[in-house]
There are 2 protein chains.
Amino acid sequence: MGITIKDIAKIAGVSTSTVSLVISGKGYVSETTREKVQVVIDEYNYKPSRSAQQLVSQCSGNIGFIISDIHLSRSEAFYTRILLGAELEARNYNMYILLSTVGDKIDIPAGIPRFINSQDVDGLIIAGSVPVALVEYVHKLRIPTVLIDFKVSQTNMDAVLMDNRDGAQQIVKHLVDLNISKIGFVGGSYYHPSIKERFEGYQTAMVLHGLGAIAQNSDYHYLIEYETSPECGQRGLLKILEKIPDVEAVICVNDTTATGCLQYVESINKKVPEEIKIAGFDNVNFSAITHPPLTTVNVPKVQMGVEALKLLMDRINNGQQVHQTRLIPVELIVRGSTVKNGS
Amino acid sequence: MGITIKDIAKIAGVSTSTVSLVISGKGYVSETTREKVQVVIDEYNYKPSRSAQQLVSQCSGNIGFIISDIHLSRSEAFYTRILLGAELEARNYNMYILLSTVGDKIDIPAGIPRFINSQDVDGLIIAGSVPVALVEYVHKLRIPTVLIDFKVSQTNMDAVLMDNRDGAQQIVKHLVDLNISKIGFVGGSYYHPSIKERFEGYQTAMVLHGLGAIAQNSDYHYLIEYETSPECGQRGLLKILEKIPDVEAVICVNDTTATGCLQYVESINKKVPEEIKIAGFDNVNFSAITHPPLTTVNVPKVQMGVEALKLLMDRINNGQQVHQTRLIPVELIVRGSTVKNGS
DNA sequence: TATTATCATCGAAACGTTTCGATATTATTA
DNA sequence: TAATAATATCGAAACGTTTCGATGATAATA
């Protein structure tokens, strides 16, 4: 087939060991030899065989990327961009990403991604929530693993999370700066960790700005649905308006929910942002093209994938260190849905 | 490390060759030996080392999946589902999928997915449009390749396509059955192959139903934007309404564009479907939750990924046969946006 | 100058499979 | 019964790397 290290060695007039040393940059090689070999490598565009490397190094060179099929199929391309980031960074380590989806119910170990039991990955990235049993399983197997946007409380593992609390606080501050105080919160289930953090960030900030009464008043909150969705947003806003007809702003737990709110406001012929302001969270790809464009919190998705991969490679290469959590900063993006009245 | 074929052989009291034969199912092995070996394999949950297999077989066991980053990041999760289908089917062949995105401009060969020049894939799936130079490059390299939803006219290659013409014709027939004749067409660029086919399917069907005059009347058509988008739908419908105020229905080239039409109709206080009917194409995940829900053409995305992988494996294993195109049937899905007036 | 440390290169083993012959056994045919 | 064919098993080579230890050459030190 292709050209091998032996061919290169023969042509360059050195041993295969020397060629190997040149490629890896390890050991001692004289400058003249290094150049001589490199010229031949370049000329023949030689690339070492991965399988041979893997065989001798006992590493697969692969990273497994696990995500629930629900998350991946979501329209927001949220996790897709995280995957992209991981792939981007994987190039720097000459690793490949193997993608696998899992359902929300899986048999252990029959139903888990095949690369795990086949030992075809050196580490795992798990993005978003997956069955906890799966996480525990790979943890027990001592496979280096980094969780993204997901935390399993029992097990001590590396994780990359976004600063949900801070994001929510930034939104509240922004709204308060507009002289708004009647601020509601809509979306999903309080028991989802990210949602919980966002809600708590909202509460903290409200208290901080002297709006503790509202932060504690459940009439302002809608957190009873299992899944977030536009419909959830519609129902949530409807519910809040029943109790608080003069609510001035609603913070939605994510952009998807926020679009539902926007639609509902439009359906009752109210105006955003004049009569009510709506904010989302995530800055997914459609949030700039809603009507009006949505104020939201940007979550650097690609960067989260990058960080996760870095963290994982770090763990793979120097296994022993203490587990860490990287909190990725988020940033408020103000758009039309919360601009000041009359501006 | 793990358990090897030698260990299995020793425990079972046979040679490694015999174990190999049992696993692959090739050659002659007596039933008693086969069982004896299989028991040991199962007991120790032995899995052959991929790198060793790859090394000796000179196959990577990987399939490269290439997609433009624009397509992957799109909100509709269209290509994501195709990828999912490919991954699903890859399991049956014990292959892994390596994902790589490409930009719309790439240097050849510096910027191409690294698994190509590293020879880490046995074949390629290219989903959606990518730079033609890339396709020609891999074609020249004689890497087995299947295109999905993309066709490069110069080169003869395997392809999996959806039946765009038929889908458009089904929509027209459906609308004509509702006694509608003033049917417009909106979206994107005529020079995009899929869009062209859909438009031509529309024209063919119109002629077939005696509406050739409309099919030829460009006042009914908006096909001048490079990218499809909700805004494209809005602008398109606006443009058509200027010329044809009493247009009865608009077929959009995809669901994304159709949502823009829906929004525009709502903004001018017309009613869908009473005053104007809107149809999309693709059946992406949000098309059932628009207001009203969108009539569209379902494209079996997962199945397209499955078919592509099957076709590719066929080509890898029996390279010589003639190149083929698989046309995947599509199916009209009637929803609220085109139901009969008064029903 | 003799000894040791550093630098440079190489040969050979090892990684875990598959597969080609070789050999031995059994079944079939002439 | 002898010759051939089919079945069953195995040993060893091969796949293309990396790395350990050996060997020399050169530089630094005593």
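Only heavy atoms go into these numbers, but all of them, side chains included; no hydrogens, no water, no symmetry mates. Since the model is a prediction, treat every value here as computed from it, not as a measurement. To find a chain, count down the sequence lines: A is the first, B the second, and so on, and within it residues start at 1.
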Regarding B/Ser17 and B/Ser20, is there a side-chain donor-to-acceptor distance under 3.5 Å anywhere? no
Selection from [options] that lies nearest to any side-chain heavy atom of [X]:
X	options	answer
B/Val56	D/dT17, D/dC15, D/dA8	D/dC15
A/Thr4	D/dT17, D/dT7, C/dA8	D/dT17
B/Val14	C/dG16, D/dC10, C/dT17	D/dC10
B/Ser30	D/dG16, C/dT9, D/dT9	D/dT9
A/Lys26	D/dT19, D/dA6, C/dC15	D/dT19
A/Tyr28	C/dG11, C/dT17, C/dA8	C/dA8
B/Val29	D/dT9, C/dT9, C/dC10	D/dT9

Interatomic distance, [X] [atom1] vs [N] [atom2] [rounded to whole Å]:
X	N	atom1	atom2	value
B/Lys6	C/dA14	NZ	P	9 Å
B/Gln58	D/dA13	CD	C1'	14 Å
A/Arg34	C/dT9	CZ	C1'	13 Å
B/Asn94	C/dT18	CG	P	12 Å
A/Gln53	C/dT17	CD	P	19 Å
A/Gln54	D/dC15	CD	P	18 Å
B/Ile41	C/dT17	CD1	C1'	13 Å
B/Glu31	D/dA8	CD	C1'	13 Å

Just call it for B/Ser51: base, sugar-phosphate, or nothing, with non-hydrogen atoms closer than 4.0 Å on any strand. nothing
Residue pairs involving [range] (criterion salt bridge (charged side-chain N to carboxylate O under 4.0 Å, His left out); sequence neighbours excluded):
range	answer
residues 308-317 of chain B	B/Asp158-B/Arg315
residues 12-35 of chain A	none
residues 318-327 of chain B	B/Glu307-B/Arg326
residues 13-23 of chain B	none

Atom pairs, N/O to N/O, protein against nucleotides 23-27 of chain D, distance under 3.5 Å?
none

With a 4.0 Å limit, can you tell me whether A/Ser15 has a side-chain N or O closer than that to the phosphate oxygens OP1/OP2 of C/dC10? yes
Kindly say if B/Ser57 contacts the phosphate of D/dC15, meaning a side-chain N or O under 4.0 Å from OP1 or OP2. no
I want to check something: taking the side chain as every heavy atom from C-beta on, are A/Val160 and A/Ile82 in contact at a cut-off of under 4.5 Å? no
Selection residues 37-49 of chain B - residue pairs positive for side chain to side chain donor-acceptor pair (under 3.5 Å), sequence neighbours left out: B/Gln38-B/Asp42, B/Asn45-B/Lys47, B/Ser49-B/Ser51
Please, which pairs that meet side chain to side chain donor-acceptor pair (under 3.5 Å) have at least one residue in residues 4-13 of chain B, sequence neighbours excluded? B/Thr4-B/Asp7
Acceptor/donor pairs from residues 92-105 of chain B side chains to any protein atom, 3.5 angstrom cut, sequence neighbours excluded:
from, atom 1, to, atom 2, distance (Å)
B/Asn92, ND2, B/Glu89, OE1, 3.3
B/Asn94, OD1, B/Arg50, NH2, 3.4
B/Tyr96, OH, A/Asp120, OD2, 2.7

Using rotation axes that map the C1' atoms of four end pairs onto the next four (five pairs an end), what angle separates the end axes of the helix from C/dT1-D/dA30 to C/dA30-D/dT1, to 10°? 40°
What residues form a ring pair (Phe, Tyr, Trp, His ring centres under 6.0 Å) with A/Phe65, not counting sequence neighbours? none
Near DNA chain C, under 4.0 Å by heavy atom, which residues of residues 16-24 of chain B? B/Ser17, B/Ser20
Name all residues meeting the side chain to side chain contact (heavy atoms under 4.5 Å, CB included) criterion together with A/Ser57; count only those two or more places apart in sequence or in a different chain, and write none if there are none. A/Cys59
Partner of B/His71 under ring pair (Phe, Tyr, Trp, His ring centres under 6.0 Å), chosen from B/Phe150, B/Tyr79, B/Phe78: B/Tyr79
Working to the nearest 0.5 angstrom, can you tell me the gap between A/Ile148 CD1 and A/Ile66 CD1? 11.5 Å
Select from B/Leu55 and B/Gly27 the residue whose nearest nucleotide in DNA chain D is closer to the 5' end of that strand. B/Gly27
